[in-house]
Amino acid sequence: MKQSKLFYRINKSKGSNIESVSHDLLIRAGYIDQLMAGVYSFLPLGFLVLKNIESIIRKNMLEVGGQELLMPVLQPKENWVKTNRIEAEKEILFRVEGNGGKEYVLGPTHEEVVTPLAKKIIFSYRDLPLSVFQIQDKLRDELRPKSGLLRVKEFWMKDLYSFHANQADLDKYYEVVANSYEKIFKECGLGKITYRTLASGGSFSKYSDEFQMITDAGEDLIYICKKCSLAINKEIKSENPVCPNCKGGEFEEKKAVEVGNIFKLATKYSNPFDLKFTDRDGEDKNVLMGCYGIGLGRLMGAIVEANNDANGIIWPKSVAPFLVHIILLDKTSNGKEIAEKLYQNLQKEDIKVLYDDRQDKSAGERFAESDLIGIPYRVVISEKTLEKKSVEIKERVSNSEKLVKVSSLISYIKKNV
RNA sequence: CUGGGUGUAGCGCAGCUUGGCUAGCGCGCUUGCAUGGGGUGCAAGAGGUCGGAGGUUCAAAUCCUCUCACCCAGACCA
(Lines give C-alpha, C1' and ligand atoms only; values in the text may rest on other atoms or scores of the structure.)
Protein backbone atom coordinates (compact mmCIF):
# COMPACT_ATOMS: atom_id res chain seq x y z
CA MET A 1 0.00 0.00 0.00
CA LYS A 2 1.28 3.43 -0.90
CA GLN A 3 0.83 5.77 2.00
CA SER A 4 -0.03 8.69 -0.26
CA LYS A 5 -3.20 6.80 -1.20
CA LEU A 6 -4.07 5.28 2.16
CA PHE A 7 -7.52 6.17 3.52
CA TYR A 8 -6.55 7.53 6.91
CA ARG A 9 -5.69 10.74 8.71
CA ILE A 10 -3.25 11.23 11.53
CA ASN A 11 -4.39 13.47 14.34
CA LYS A 12 -1.59 15.15 16.17
CA SER A 13 -3.56 16.11 19.21
CA LYS A 14 -5.26 13.88 21.69
CA GLY A 15 -8.84 14.49 22.67
CA SER A 16 -9.03 15.88 26.19
CA ASN A 17 -11.78 13.47 27.18
CA ILE A 18 -10.05 10.29 25.97
CA GLU A 19 -8.70 8.33 28.90
CA SER A 20 -7.46 4.96 27.72
CA VAL A 21 -4.19 4.68 25.83
CA SER A 22 -5.47 2.27 23.21
CA HIS A 23 -8.46 4.48 22.48
CA ASP A 24 -6.23 7.50 22.00
CA LEU A 25 -3.60 5.76 19.85
CA LEU A 26 -6.02 3.86 17.63
CA ILE A 27 -7.95 7.04 16.87
CA ARG A 28 -4.92 9.27 16.42
CA ALA A 29 -3.10 6.84 14.15
CA GLY A 30 -6.14 6.39 11.93
CA TYR A 31 -7.10 2.81 12.78
CA ILE A 32 -10.64 3.44 13.94
CA ASP A 33 -13.26 6.15 13.86
CA GLN A 34 -16.05 6.67 16.33
CA LEU A 35 -19.55 6.89 14.87
CA MET A 36 -21.32 7.14 18.22
CA ALA A 37 -20.85 5.94 21.78
CA GLY A 38 -19.53 2.39 21.64
CA VAL A 39 -19.73 2.11 17.86
CA TYR A 40 -16.65 2.32 15.65
CA SER A 41 -15.68 2.04 12.02
CA PHE A 42 -12.49 0.18 11.26
CA LEU A 43 -10.47 2.11 8.70
CA PRO A 44 -8.20 0.17 6.33
CA LEU A 45 -5.36 0.03 8.86
CA GLY A 46 -7.64 -1.13 11.63
CA PHE A 47 -9.43 -3.64 9.46
CA LEU A 48 -6.12 -5.23 8.48
CA VAL A 49 -5.33 -5.76 12.15
CA LEU A 50 -8.80 -7.10 12.87
CA LYS A 51 -8.47 -9.59 10.03
CA ASN A 52 -5.08 -10.74 11.28
CA ILE A 53 -6.58 -11.41 14.69
CA GLU A 54 -9.44 -13.19 12.97
CA SER A 55 -7.00 -15.45 11.10
CA ILE A 56 -5.19 -16.43 14.29
CA ILE A 57 -8.46 -17.28 16.00
CA ARG A 58 -9.87 -19.14 13.01
CA LYS A 59 -6.75 -21.25 12.61
CA ASN A 60 -6.89 -22.30 16.25
CA MET A 61 -10.59 -23.03 16.23
CA LEU A 62 -10.21 -25.24 13.17
CA GLU A 63 -7.41 -27.00 15.01
CA VAL A 64 -9.72 -27.98 17.84
CA GLY A 65 -12.20 -29.39 15.36
CA GLY A 66 -14.55 -26.42 15.12
CA GLN A 67 -16.46 -26.12 11.87
CA GLU A 68 -16.98 -22.58 10.70
CA LEU A 69 -20.47 -21.42 9.87
CA LEU A 70 -22.38 -18.15 9.84
CA MET A 71 -25.58 -17.41 11.72
CA PRO A 72 -27.82 -14.34 11.37
CA VAL A 73 -27.73 -11.20 13.45
CA LEU A 74 -31.50 -10.93 13.05
CA GLN A 75 -33.24 -13.43 15.29
CA PRO A 76 -36.87 -14.24 16.13
CA LYS A 77 -38.11 -12.97 19.45
CA GLU A 78 -39.81 -16.31 20.17
CA ASN A 79 -36.52 -18.10 20.74
CA TRP A 80 -35.57 -15.57 23.36
CA VAL A 81 -38.92 -15.96 25.07
CA LYS A 82 -38.29 -19.69 25.18
CA THR A 83 -35.04 -19.28 27.13
CA ASN A 84 -36.45 -16.38 29.13
CA ARG A 85 -33.51 -14.24 28.13
CA ILE A 86 -35.93 -11.75 26.61
CA GLU A 87 -36.38 -10.75 30.26
CA ALA A 88 -33.06 -11.77 31.80
CA GLU A 89 -31.00 -9.84 29.25
CA LYS A 90 -33.47 -7.10 28.46
CA GLU A 91 -31.14 -4.28 29.40
CA ILE A 92 -28.61 -5.12 26.72
CA LEU A 93 -30.94 -6.61 24.13
CA PHE A 94 -31.53 -4.60 20.97
CA ARG A 95 -35.01 -5.24 19.68
CA VAL A 96 -36.49 -4.14 16.40
CA GLU A 97 -39.93 -4.26 14.93
CA GLY A 98 -40.49 -5.28 11.36
CA ASN A 99 -43.43 -5.18 8.99
CA GLY A 100 -46.74 -6.17 10.48
CA GLY A 101 -45.41 -5.58 13.98
CA LYS A 102 -43.22 -8.69 13.98
CA GLU A 103 -40.61 -8.46 16.70
CA TYR A 104 -36.96 -9.35 16.28
CA VAL A 105 -33.87 -9.47 18.45
CA LEU A 106 -30.47 -8.36 17.19
CA GLY A 107 -28.23 -11.13 18.42
CA PRO A 108 -25.93 -10.40 21.36
CA THR A 109 -24.97 -14.11 21.26
CA HIS A 110 -26.22 -17.21 19.46
CA GLU A 111 -27.34 -19.97 21.77
CA GLU A 112 -30.90 -19.17 20.70
CA VAL A 113 -29.95 -19.89 17.10
CA VAL A 114 -27.38 -22.62 17.32
CA THR A 115 -29.38 -24.85 19.67
CA PRO A 116 -32.50 -25.17 17.50
CA LEU A 117 -30.15 -25.51 14.53
CA ALA A 118 -28.33 -28.41 16.18
CA LYS A 119 -31.69 -30.02 16.87
CA LYS A 120 -32.10 -30.50 13.12
CA ILE A 121 -28.77 -32.28 12.87
CA ILE A 122 -28.08 -34.14 16.10
CA PHE A 123 -30.19 -37.25 16.73
CA SER A 124 -27.83 -39.97 17.88
CA TYR A 125 -24.79 -40.47 20.09
CA ARG A 126 -23.10 -41.17 16.76
CA ASP A 127 -23.51 -37.50 15.88
CA LEU A 128 -21.54 -36.42 18.96
CA PRO A 129 -19.33 -34.74 19.87
CA LEU A 130 -19.13 -31.81 17.51
CA SER A 131 -18.44 -28.13 17.58
CA VAL A 132 -19.20 -25.17 15.37
CA PHE A 133 -18.06 -21.58 15.42
CA GLN A 134 -18.53 -18.28 13.70
CA ILE A 135 -16.81 -14.91 13.57
CA GLN A 136 -19.56 -12.38 13.27
CA ASP A 137 -21.11 -9.13 14.39
CA LYS A 138 -22.69 -8.99 17.84
CA LEU A 139 -24.96 -6.26 19.17
CA ARG A 140 -25.35 -5.45 22.84
CA ASP A 141 -26.85 -2.29 24.22
CA GLU A 142 -24.17 -1.86 26.87
CA LEU A 143 -25.20 0.49 29.64
CA ARG A 144 -21.91 2.27 29.45
CA PRO A 145 -19.53 1.80 26.53
CA LYS A 146 -16.01 2.92 27.38
CA SER A 147 -12.30 2.91 26.67
CA GLY A 148 -12.52 2.79 22.90
CA LEU A 149 -12.67 -0.79 21.67
CA LEU A 150 -12.59 -2.29 25.15
CA ARG A 151 -16.33 -1.99 25.70
CA VAL A 152 -18.62 -1.39 22.75
CA LYS A 153 -22.15 -1.95 21.52
CA GLU A 154 -21.31 -3.61 18.23
CA PHE A 155 -18.36 -5.91 17.73
CA TRP A 156 -17.02 -8.95 15.96
CA MET A 157 -17.01 -11.99 18.16
CA LYS A 158 -15.81 -15.50 17.69
CA ASP A 159 -18.30 -17.81 19.31
CA LEU A 160 -17.77 -21.55 19.42
CA TYR A 161 -20.44 -23.98 20.59
CA SER A 162 -19.76 -27.60 21.41
CA PHE A 163 -22.16 -30.52 21.83
CA HIS A 164 -21.50 -33.62 23.90
CA ALA A 165 -23.09 -36.89 24.94
CA ASN A 166 -21.81 -36.86 28.52
CA GLN A 167 -20.13 -34.71 31.13
CA ALA A 168 -16.72 -36.34 30.82
CA ASP A 169 -16.62 -35.54 27.14
CA LEU A 170 -17.67 -31.94 27.75
CA ASP A 171 -15.04 -31.60 30.48
CA LYS A 172 -12.36 -32.94 28.20
CA TYR A 173 -13.21 -30.70 25.28
CA TYR A 174 -13.50 -27.68 27.58
CA GLU A 175 -9.85 -28.16 28.50
CA VAL A 176 -8.89 -28.53 24.86
CA VAL A 177 -10.48 -25.18 24.06
CA ALA A 178 -8.96 -23.58 27.17
CA ASN A 179 -5.52 -24.61 25.93
CA SER A 180 -6.34 -23.33 22.48
CA TYR A 181 -7.30 -19.97 23.99
CA GLU A 182 -3.98 -19.73 25.76
CA LYS A 183 -2.32 -20.34 22.43
CA ILE A 184 -4.37 -17.66 20.73
CA PHE A 185 -3.46 -15.01 23.29
CA LYS A 186 0.14 -16.03 23.12
CA GLU A 187 0.14 -15.71 19.34
CA CYS A 188 -1.35 -12.24 19.73
CA GLY A 189 1.60 -11.28 21.91
CA LEU A 190 -0.28 -11.36 25.22
CA GLY A 191 0.92 -14.71 26.52
CA LYS A 192 2.70 -13.50 29.61
CA ILE A 193 0.05 -11.14 30.86
CA THR A 194 -3.10 -13.13 30.15
CA TYR A 195 -4.39 -15.33 32.94
CA ARG A 196 -6.89 -18.14 32.79
CA THR A 197 -9.04 -16.94 35.65
CA LEU A 198 -11.44 -18.96 37.71
CA ALA A 199 -14.91 -17.41 37.74
CA SER A 200 -18.29 -18.46 38.97
CA GLY A 201 -20.11 -20.54 36.48
CA GLY A 202 -23.25 -20.94 34.51
CA SER A 203 -26.27 -22.59 35.99
CA PHE A 204 -25.17 -26.20 35.78
CA SER A 205 -21.48 -25.99 36.42
CA LYS A 206 -19.80 -24.56 39.41
CA TYR A 207 -17.08 -22.67 37.59
CA SER A 208 -16.32 -21.01 34.32
CA ASP A 209 -13.08 -19.54 33.11
CA GLU A 210 -12.29 -16.04 32.03
CA PHE A 211 -9.16 -15.07 30.19
CA GLN A 212 -8.01 -11.84 31.75
CA MET A 213 -5.25 -9.63 30.41
CA ILE A 214 -3.51 -7.51 33.01
CA THR A 215 -3.83 -3.80 32.26
CA ASP A 216 -4.68 -0.66 34.16
CA ALA A 217 -7.23 0.13 31.49
CA GLY A 218 -9.19 -2.94 32.51
CA GLU A 219 -12.47 -2.74 34.39
CA ASP A 220 -12.18 -6.08 36.20
CA LEU A 221 -10.15 -7.01 39.25
CA ILE A 222 -8.47 -10.38 39.41
CA TYR A 223 -6.44 -12.00 42.16
CA ILE A 224 -3.30 -13.95 41.50
CA CYS A 225 -1.96 -16.37 44.12
CA LYS A 226 1.62 -15.41 44.93
CA LYS A 227 2.46 -19.05 45.61
CA CYS A 228 0.90 -21.07 42.81
CA SER A 229 -0.11 -18.31 40.33
CA LEU A 230 -3.73 -19.38 40.22
CA ALA A 231 -5.88 -16.46 39.11
CA ILE A 232 -9.41 -15.98 40.37
CA ASN A 233 -11.99 -13.29 39.89
CA LYS A 234 -13.75 -11.18 42.48
CA GLU A 235 -16.66 -13.52 43.18
CA ILE A 236 -14.42 -16.50 43.72
CA LYS A 237 -12.17 -14.40 45.95
CA SER A 238 -15.03 -13.54 48.29
CA GLU A 239 -15.94 -17.23 48.56
CA ASN A 240 -12.36 -18.30 49.21
CA PRO A 241 -10.27 -16.54 51.83
CA VAL A 242 -7.29 -18.71 50.91
CA CYS A 243 -6.20 -19.94 47.51
CA PRO A 244 -8.50 -22.83 46.56
CA ASN A 245 -5.68 -24.52 44.72
CA CYS A 246 -2.62 -24.53 46.99
CA LYS A 247 -4.44 -23.51 50.18
CA GLY A 248 -1.46 -21.29 50.68
CA GLY A 249 -0.48 -17.89 49.68
CA GLU A 250 -1.76 -14.40 49.52
CA PHE A 251 -3.37 -12.89 46.50
CA GLU A 252 -2.07 -10.03 44.45
CA GLU A 253 -4.79 -7.76 43.11
CA LYS A 254 -4.56 -6.67 39.47
CA LYS A 255 -6.73 -4.70 37.09
CA ALA A 256 -7.55 -6.68 33.98
CA VAL A 257 -9.69 -6.82 30.87
CA GLU A 258 -11.56 -9.96 29.94
CA VAL A 259 -10.42 -10.99 26.47
CA GLY A 260 -12.19 -14.33 26.39
CA ASN A 261 -14.35 -16.66 28.36
CA ILE A 262 -15.52 -20.24 28.29
CA PHE A 263 -18.57 -21.85 29.85
CA LYS A 264 -19.93 -25.26 30.42
CA LEU A 265 -23.54 -24.61 29.55
CA ALA A 266 -24.46 -28.25 30.10
CA THR A 267 -28.23 -28.45 29.53
CA LYS A 268 -29.03 -24.79 30.03
CA TYR A 269 -30.05 -24.37 26.39
CA SER A 270 -30.60 -27.96 25.29
CA ASN A 271 -33.41 -28.12 27.85
CA PRO A 272 -35.64 -25.27 26.65
CA PHE A 273 -35.10 -26.23 23.02
CA ASP A 274 -35.45 -29.91 23.80
CA LEU A 275 -32.18 -30.83 22.16
CA LYS A 276 -31.86 -34.58 22.80
CA PHE A 277 -30.04 -37.53 21.33
CA THR A 278 -30.58 -41.28 21.51
CA ASP A 279 -27.76 -42.86 23.43
CA ARG A 280 -26.19 -46.28 22.95
CA ASP A 281 -28.61 -47.74 25.47
CA GLY A 282 -31.58 -46.56 23.47
CA GLU A 283 -32.56 -43.82 25.87
CA ASP A 284 -33.15 -40.20 24.93
CA LYS A 285 -30.85 -37.84 26.79
CA ASN A 286 -30.14 -34.11 26.82
CA VAL A 287 -27.21 -32.94 24.77
CA LEU A 288 -24.59 -31.17 26.87
CA MET A 289 -23.22 -27.92 25.52
CA GLY A 290 -20.26 -25.64 25.98
CA CYS A 291 -19.75 -22.12 24.67
CA TYR A 292 -16.53 -20.22 24.14
CA GLY A 293 -16.21 -16.56 23.18
CA ILE A 294 -13.58 -14.04 22.17
CA GLY A 295 -14.31 -10.41 21.25
CA LEU A 296 -12.01 -9.48 18.39
CA GLY A 297 -12.16 -5.71 18.69
CA ARG A 298 -11.63 -5.83 22.42
CA LEU A 299 -8.65 -8.09 21.86
CA MET A 300 -7.28 -5.53 19.41
CA GLY A 301 -7.67 -2.78 21.99
CA ALA A 302 -6.07 -4.96 24.64
CA ILE A 303 -3.09 -5.65 22.39
CA VAL A 304 -2.52 -1.91 22.04
CA GLU A 305 -2.89 -1.37 25.78
CA ALA A 306 -0.12 -3.87 26.29
CA ASN A 307 2.14 -2.77 23.42
CA ASN A 308 2.89 0.93 23.15
CA ASP A 309 5.32 3.63 24.16
CA ALA A 310 5.36 7.41 24.28
CA ASN A 311 5.61 7.56 20.48
CA GLY A 312 2.77 5.25 19.60
CA ILE A 313 1.69 1.70 18.98
CA ILE A 314 4.13 -1.23 18.84
CA TRP A 315 2.31 -4.01 17.02
CA PRO A 316 3.35 -7.60 17.56
CA LYS A 317 4.35 -8.98 14.15
CA SER A 318 1.51 -11.50 14.20
CA VAL A 319 -1.21 -8.85 14.06
CA ALA A 320 0.51 -5.80 12.54
CA PRO A 321 -1.31 -4.27 9.55
CA PHE A 322 1.97 -4.34 7.64
CA LEU A 323 5.29 -5.94 8.48
CA VAL A 324 7.50 -3.37 6.78
CA HIS A 325 7.22 0.38 6.53
CA ILE A 326 9.38 1.78 3.75
CA ILE A 327 10.19 5.47 4.01
CA LEU A 328 11.80 7.01 0.97
CA LEU A 329 13.78 10.15 1.75
CA ASP A 330 15.99 10.28 -1.32
CA LYS A 331 14.42 12.57 -3.89
CA THR A 332 16.44 11.48 -6.86
CA SER A 333 14.95 9.25 -9.49
CA ASN A 334 17.52 6.64 -8.54
CA GLY A 335 16.22 6.51 -4.99
CA LYS A 336 12.66 6.31 -6.15
CA GLU A 337 13.46 3.47 -8.51
CA ILE A 338 15.13 1.45 -5.78
CA ALA A 339 12.27 2.05 -3.37
CA GLU A 340 9.66 1.05 -5.92
CA LYS A 341 11.54 -2.10 -6.75
CA LEU A 342 11.92 -3.06 -3.09
CA TYR A 343 8.25 -2.36 -2.58
CA GLN A 344 7.33 -4.66 -5.46
CA ASN A 345 9.76 -7.40 -4.54
CA LEU A 346 8.73 -7.53 -0.89
CA GLN A 347 5.13 -7.94 -1.94
CA LYS A 348 6.09 -10.73 -4.32
CA GLU A 349 7.46 -12.52 -1.28
CA ASP A 350 4.13 -12.05 0.51
CA ILE A 351 5.61 -9.53 2.89
CA LYS A 352 3.09 -6.82 3.64
CA VAL A 353 4.48 -3.35 3.02
CA LEU A 354 3.34 0.17 3.65
CA TYR A 355 5.36 2.44 1.38
CA ASP A 356 5.66 6.06 2.47
CA ASP A 357 6.12 7.72 -0.89
CA ARG A 358 5.05 11.19 0.29
CA GLN A 359 7.96 13.36 -0.69
CA ASP A 360 6.25 16.58 0.28
CA LYS A 361 6.39 15.74 3.99
CA SER A 362 9.41 16.34 6.16
CA ALA A 363 11.51 13.44 7.34
CA GLY A 364 10.77 14.17 10.97
CA GLU A 365 7.05 14.18 10.48
CA ARG A 366 7.16 10.89 8.61
CA PHE A 367 9.26 9.24 11.30
CA ALA A 368 6.86 10.44 13.97
CA GLU A 369 3.93 9.06 12.01
CA SER A 370 5.70 5.80 11.46
CA ASP A 371 6.23 5.37 15.20
CA LEU A 372 2.63 6.24 15.89
CA ILE A 373 1.31 3.69 13.39
CA GLY A 374 3.65 1.11 14.87
CA ILE A 375 4.68 -1.20 12.02
CA PRO A 376 7.35 -3.69 13.21
CA TYR A 377 10.12 -2.88 10.69
CA ARG A 378 10.96 0.58 9.41
CA VAL A 379 13.11 0.73 6.30
CA VAL A 380 14.56 4.12 5.40
CA ILE A 381 16.00 4.76 1.96
CA SER A 382 18.07 7.90 1.63
CA GLU A 383 21.03 9.24 -0.32
CA LYS A 384 23.17 8.48 2.68
CA THR A 385 22.21 4.80 2.81
CA LEU A 386 22.34 4.40 -0.95
CA GLU A 387 25.95 5.60 -1.04
CA LYS A 388 26.63 2.30 0.66
CA LYS A 389 24.15 0.46 -1.54
CA SER A 390 22.16 -0.05 1.62
CA VAL A 391 18.97 0.80 3.40
CA GLU A 392 18.52 1.47 7.08
CA ILE A 393 16.36 -0.92 9.03
CA LYS A 394 14.97 -0.34 12.49
CA GLU A 395 12.63 -2.41 14.55
CA ARG A 396 9.82 -0.52 16.22
CA VAL A 397 10.60 -2.26 19.51
CA SER A 398 14.23 -1.15 19.52
CA ASN A 399 15.91 2.21 19.23
CA SER A 400 18.94 1.22 17.24
CA GLU A 401 19.06 0.96 13.49
CA LYS A 402 21.38 -0.88 11.16
CA LEU A 403 22.37 -0.74 7.53
CA VAL A 404 21.49 -3.68 5.31
CA LYS A 405 22.46 -4.06 1.66
CA VAL A 406 19.56 -3.37 -0.66
CA SER A 407 20.15 -6.75 -2.24
CA SER A 408 19.86 -8.65 1.02
CA LEU A 409 16.96 -6.80 2.67
CA ILE A 410 14.37 -9.43 1.81
CA SER A 411 16.40 -12.31 3.15
CA TYR A 412 17.20 -10.26 6.26
CA ILE A 413 13.53 -9.68 6.96
CA LYS A 414 12.57 -13.26 6.19
CA LYS A 415 15.23 -14.50 8.57
CA ASN A 416 13.96 -12.29 11.38
CA VAL A 417 10.22 -12.87 11.17
C1' C B 1 -30.27 4.61 35.42
C1' U B 2 -27.59 8.08 39.37
C1' G B 3 -23.80 11.81 39.89
C1' G B 4 -20.18 15.07 37.51
C1' G B 5 -18.33 17.33 32.97
C1' U B 6 -18.29 18.94 27.78
C1' G B 7 -20.55 20.45 22.87
C1' U B 8 -17.53 26.98 18.97
C1' A B 9 -13.92 25.08 11.26
C1' G B 10 -11.70 18.24 9.61
C1' C B 11 -8.81 17.82 14.72
C1' G B 12 -7.36 20.29 19.48
C1' C B 13 -8.90 24.72 21.96
C1' A B 14 -9.87 30.30 23.68
C1' G B 15 -14.04 33.55 24.05
C1' C B 16 -19.28 32.73 27.98
C1' U B 17 -18.52 34.99 34.76
C1' U B 18 -19.66 41.26 33.74
C1' G B 19 -24.60 40.16 26.24
C1' G B 20 -22.27 44.75 21.87
C1' C B 21 -17.52 46.17 16.19
C1' U B 22 -17.67 41.78 10.00
C1' A B 23 -16.42 34.98 16.14
C1' G B 24 -10.46 34.10 17.43
C1' C B 25 -5.85 30.77 17.96
C1' G B 26 -2.83 26.21 16.94
C1' C B 27 -2.73 21.90 13.82
C1' G B 28 -4.50 20.20 9.20
C1' C B 29 -5.96 21.83 3.99
C1' U B 30 -4.81 25.10 -0.84
C1' U B 31 -1.00 28.22 -3.57
C1' G B 32 4.06 30.08 -4.00
C1' C B 33 9.23 30.35 -2.49
C1' A B 34 12.87 28.23 0.48
C1' U B 35 14.25 23.68 3.21
C1' G B 36 15.30 18.35 3.07
C1' G B 37 17.31 12.37 8.61
C1' G B 38 12.82 13.39 14.15
C1' G B 39 6.15 16.70 13.74
C1' U B 40 10.91 22.61 8.78
C1' G B 41 10.56 28.17 7.69
C1' C B 42 8.31 32.51 5.38
C1' A B 43 4.21 34.58 2.69
C1' A B 44 -0.69 34.52 0.75
C1' G B 45 -5.57 31.92 0.96
C1' A B 46 -10.08 28.73 1.72
C1' G B 47 -13.11 26.98 5.67
C1' G B 48 -17.35 27.79 11.18
C1' U B 49 -23.12 31.18 12.64
C1' C B 50 -21.09 28.84 17.91
C1' G B 51 -25.08 20.77 19.08
C1' G B 52 -30.70 21.64 18.23
C1' A B 53 -35.49 24.18 19.36
C1' G B 54 -37.87 27.98 21.84
C1' G B 55 -37.54 32.48 24.79
C1' U B 56 -35.60 37.37 26.97
C1' U B 57 -33.35 41.81 24.61
C1' C B 58 -32.40 47.34 20.37
C1' A B 59 -28.65 43.34 20.33
C1' A B 60 -27.27 36.36 22.23
C1' A B 61 -21.57 31.83 21.28
C1' U B 62 -22.47 34.63 25.95
C1' C B 63 -28.68 35.09 29.87
C1' C B 64 -33.35 31.64 30.63
C1' U B 65 -36.28 27.02 29.39
C1' C B 66 -36.53 22.50 26.97
C1' U B 67 -33.95 18.92 24.18
C1' C B 68 -30.08 15.93 21.77
C1' A B 69 -25.15 14.06 21.78
C1' C B 70 -20.44 12.74 23.78
C1' C B 71 -16.90 11.84 27.98
C1' C B 72 -15.77 10.36 33.16
C1' A B 73 -17.25 7.79 37.91
C1' G B 74 -20.73 4.40 39.86
C1' A B 75 -24.51 0.69 39.26
C1' C B 76 -24.81 -3.26 35.50
C1' C B 77 -22.31 -6.92 32.47
C1' A B 78 -22.14 -15.28 28.88
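Order of the sequence lines fixes the chain letters, A, B, ..., with proteins taken first and strands second; residue numbering starts at 1 for each chain.
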> Would you mind classifying the nucleic acid contact of A:Gln359 as base, sugar-phosphate or nothing, using non-hydrogen atoms under 4.0 angstrom?
base

> Classify the nucleic acid contact of A:Ser370 as base, sugar-phosphate or nothing, counting any heavy atom under 4.0 Å across all strands shown.
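A:Ser370: no heavy atom of the nucleic acid under 4.0 Å.
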
> Report the distance from atom OH of A:Tyr8 to atom P of B:C11, rounded to the nearest whole Å.
18 Å

> Ignoring hydrogens and angles, answer whether the base of B:G38 and the side-chain atoms of A:Arg378 contain a donor-acceptor pair closer than 3.5 Å.
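Side chain to base: pair found, below 3.5 Å.
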
> How close or far is atom C1' of B:C76 from atom CD of A:Glu89, stated in whole angstroms?
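One finds 11 Å between C1' of B:C76 and CD of A:Glu89, rounded.
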
> Atom CD of A:Glu258 and atom C1' of B:C77: how far apart are they, to the nearest Å?
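Atom-to-atom, A:Glu258 to B:C77, this comes out as 9 Å.
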
> With rounding to whole Å, what would you report as the distance between B:A59 and B:U22 at their C1' atoms?
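One C1' to the other, the span is 15 Å.
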
> Under a 3.5 Å limit for both distances, which nucleotide forms a Watson-Crick or G-U wobble pair with B:G3, could you say?
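When the pairing criteria are applied, B:C72 turns out to be the nucleotide that pairs with B:G3.
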
> Measure from CG on A:Asp360 to C1' on B:G39 and round the result to the nearest Å.
14 Å

> Please determine if A:Lys352 forms a cation-pi arrangement with A:Phe322, meaning its NZ or CZ atom is less than 6.0 Å from the six-membered ring centre and no more than 45° off the ring axis.
no

> Looking at every strand, decide which applies to A:Arg28 at a 4.0 Å heavy-atom threshold: base, sugar-phosphate, or nothing.
nothing

> Should B:U35 form a Watson-Crick or G-U wobble pair with both distances under 3.5 Å, which nucleotide is its partner?
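Matched B:U35 with nothing under the 3.5 Å cut-off.
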
> Would you indicate what A:Asp159 reaches in the nucleic acid, counting non-hydrogen atoms under 4.0 angstrom: base, sugar-phosphate, or nothing?
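Contact class for A:Asp159: none.
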
> Across the strands shown, which category fits A:Ala368 at heavy-atom distances under 4.0 angstrom: base, sugar-phosphate, nothing?
base

> Would you say a side-chain N or O of A:Lys12 is under 4.0 Å from OP1 or OP2 of B:G28?
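It does, given that an N or O in the side chain of A:Lys12 lies less than 4.0 Å from OP1 or OP2 of B:G28.
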
> Using atom C1' in both nucleotides, what's the gap between B:G4 and B:G47 to the nearest angstrom?
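My reading of the C1' atoms in B:G4 and B:G47 gives 35 Å.
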
> Pick base, sugar-phosphate or nothing for A:Ile92, based on heavy-atom distances below 4.0 Å to the nucleic acid.
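No contact.
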
> So which nucleotide does B:C13 pair with, by the Watson-Crick or G-U wobble rule with both distances under 3.5 Å?
B:G24

> Given B:C70, B:C76, B:G28, which nucleotide is nearest the side-chain atoms of A:Gln34?
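It is B:C70.
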
> Using purine N1 to pyrimidine N3 plus N6-O4 or O6-N4 for Watson-Crick, or N1-O2 and O6-N3 for G-U wobble, each under 3.5 Å, what pairs with B:A53?
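WC or wobble partner is B:U65.
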
> By the side-chain hydrogen bond (donor to acceptor under 3.5 Å, both in side chains) test, which pairs, at least two apart or in different chains, include something from residues 173-185 of chain A?
A:Asn60-A:Lys183, A:Glu63-A:Lys183, A:Ser131-A:Tyr173, A:Lys158-A:Tyr181, A:Tyr174-A:Asp209, A:Glu175-A:Arg196

> Considering heavy-atom distances to RNA chain B, does A:Pro145 or A:Arg140 have its closest nucleotide positioned more toward the 5' end?
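Nearer the 5' end of the strand: A:Pro145.
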
> For a quick test of reading the model, state the closest non-hydrogen atom pair linking A:Gln136 to A:Met71 and the distance between them.
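Looking at all heavy atoms of both residues, the closest pair is NE2-O, 3.1 Å.
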
> Give the nucleotide from the list B:G38, B:U40, B:C70 with an atom nearest to the side chain of A:Met36.
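When the side chain of A:Met36 is considered, B:C70 is the closest of B:G38, B:U40, B:C70.
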
> Hey, which of these two, A:Lys384 or A:Met157, hits RNA chain B nearer its 5' end, going by closest nucleotide?
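Its nearest nucleotide being more 5', the pick is A:Lys384.
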
> Verify the neighbour count for atom NZ of A:Lys82: are there more than 12 heavy atoms of other residues, nucleotides or ligands below 6.0 Å?
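No, not enclosed.
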
> Please state whether the phosphate of B:G12, meaning OP1 or OP2, lies under 4.0 angstrom from any side-chain nitrogen or oxygen of A:Ser13.
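Negative; the distance criterion is not met.
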
> Heavy atoms only, 4.0 Å cut-off, all strands: where does A:Asn11 land among base, sugar-phosphate and nothing?
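Touches sugar-phosphate only.
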
> Would you name the heavy atoms of A:Asp330 and A:Gly335 that are closest together and state the gap between them?
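Taking every non-hydrogen atom into account, OD2-CA, 3.5 Å.
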
> Can you measure A:Lys90 atom NZ to B:C77 atom P for me and round it to whole angstrom units?
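From A:Lys90 NZ to B:C77 P: 13 Å.
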
> Nearest to the side chain of A:Ser362, heavy atoms from C-beta on, is which of B:C77, B:G39, B:C29?
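Closest nucleotide to the A:Ser362 side chain: B:G39.
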
> Please report, rounded to the nearest Å, how far the P atom of B:G74 is from the CD atom of A:Glu142.
15 Å

> Counting just side-chain N and O atoms, does A:Lys361 come under 4.0 Å of either OP1 or OP2 of B:C29?
yes

> Name all residues meeting the side-chain hydrogen bond (donor to acceptor under 3.5 Å, both in side chains) criterion together with A:Thr109; count only those two or more places apart in sequence or in a different chain, and write none if there are none.
A:Glu111

> For a quick test of reading the model: is some side-chain N or O of A:Arg144 closer than 4.0 Å to OP1 or OP2 of B:A73?
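Yes, A:Arg144 has a side-chain N/O under 4.0 Å of OP1/OP2 on B:A73.
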
> With a 4.0 Å cut-off on N to O distance, would you call A:Arg58 and A:Glu68 a salt bridge?
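Answer for the salt bridge query: yes.
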
> In whole angstroms, how far is the C1' atom of B:C11 from the CG atom of A:Leu26?
17 Å

> B:U62 and B:C16: how far apart are their P atoms, nearest whole angstrom?
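Each nucleotide's P atom is 12 Å from the other's.
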
> Which base, if any, makes a Watson-Crick or G-U wobble pair with B:A60, both distances under 3.5 Å?
none

> Mind checking whether A:Phe185 and A:Phe211 have parallel, tilted or perpendicular rings, split at 30° and 60°?
tilted

> Measure from the side chain of A:Lys146, starting at C-beta and using heavy atoms only, and say which of B:C76, B:C72, B:C77 lies closest.
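Closest nucleotide among those given: B:C72.
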
> Within this structure, what is the CD1-to-P distance between A:Ile10 and B:G12, rounded to whole angstrom?
15 Å

